[in-house]
Amino acid sequence: MEVLSTIRVPAKLDHLHALIGMVSNCAKEQGLGEKRINEIEVAAEEALVNIFHYAYQGQGGDVEISCKVERGRTFIIEIIDAGMPFDPLAVSEPDTTLDVAERQVGGIGVFLIKKLMDEVTYRRDGNKNILALAVDLRT
Amino acid sequence: MEITTRQEKSTTVVMVQGRIDAVTAPEFENYLSSLIAKGDRRFIVNLGALEYISSAGLRSILATAKRLKAEQGDIRFSGLQGPVEEVFKISGFYSIFKIFDSDASALNDV
């Protein structure tokens with residue numbers, strides 16, 4: 001696995017644009033198209049914003065994001081925080097058939113990540129949450 | 001993100017350009033709230049020049065729609081394309097909102 005780029009910053013919304021910009025540049029360098037890059041940006045934003053809001057429960061903490069390439073075939077965005085255990089894949093899917101009055105947007109972020117990425121994996125390693133968003137480079 | 005508005009009889013057409021993400025969504029929602037506060041009730045939001053939307057943007061739209069519903073208002077969308085159209089589709093927003101190809105068709109539909 002080749003690491004292309006890594007940044008670690010405080011898990012705050014102020015850093016969103018810098019983090020997304022890094023991911024976007026890596027994706028561009030891998031030759032991904034504009035549409036796929038936009039989808040990657042959305043998925044990465046959703047994962048990061050969840051961490052900004054919930055991981056540290058009001059305490060400060062860092063988030064680290066890395067872009068990697070596996071066997072030249074898969075582009076991976078790995079997002080690591082040391083906040084409370086949170087497996088986004090365990091979040092139940094939102095009911096996308098409800099009308100405006102009943103509709104909640106909670107859960108849509110994770111739903112978008114799952115729909116837009118080719119593969120999403122989560123693991124808890126020691127005190128860390130490690131979320132990997134994978135995109136096939138061959139399509 | 002850049003927002004411009006124009007009036008078409010009793011309808012306010014809101015054009016939003018650029019990106020609605022977790023950073024800019026509150027600004028977008030506040031802008032629409034201020035229009036509702038000054039009495040606007042019928043909206044067409046033209047997303048033709050919007051390049052990017054995340055769930056934070058969807059949340060701001062939903063909050064605005066709920067506020068308008070409580071005031072017997074109406075919100076329609078026009079010009080969706082590319083990634084914005086895709087995010088709307090995945091999220092089921094096509095089934096809860098009135099979505100049109102153009103401002104003209106949104107205005108003419110009763």
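Protein chains get the first letters and strands the later ones, always in sequence-line order, with residue 1 at the start of each.
- In this structure, the side chains of B:Thr64 and B:Phe28 stay at 4.5 Å or more apart for every pair of heavy atoms.
- Nearest heavy-atom pair, A:Tyr56 versus A:Ala82, reported as atom, atom and distance to 0.1 Å: OH-N, 2.7 Å.
- Taking every heavy atom of both residues into account, A:Val120 and A:Lys114 meet most closely at CG2-CA, 4.3 Å.
- Both the backbone and the side chain of A:Glu41 have a heavy atom closer than 4.5 Å to some heavy atom of chain B.
- If you measure heavy-atom distances from A:Leu13 to chain B, the contacts under 4.5 Å come from both the backbone and the side chain.
- Classification of B:Arg6 and B:Glu8 as a salt-bridged pair holds, one side-chain N sitting under 4.0 Å from a carboxylate O.
- Heavy atoms closer than 4.5 Å to chain A are found in the side chain of B:Ser95, but not in its backbone.
- For A:Val42, the parts lying near chain B are the backbone and the side chain together; criterion is any non-hydrogen pair under 4.5 Å.
- A distance of 12.0 Å separates CD in A:Gln30 from CG in A:Asn25, rounded to the nearest 0.5 Å.
- Using a 4.5 Å cut-off between heavy atoms, B:Glu86 touches chain A through its side chain atoms alone.
- The part of A:Ile20 that comes within reach of chain B is its side chain, from C-beta onward, which places non-hydrogen atoms under 4.5 angstrom from that chain.
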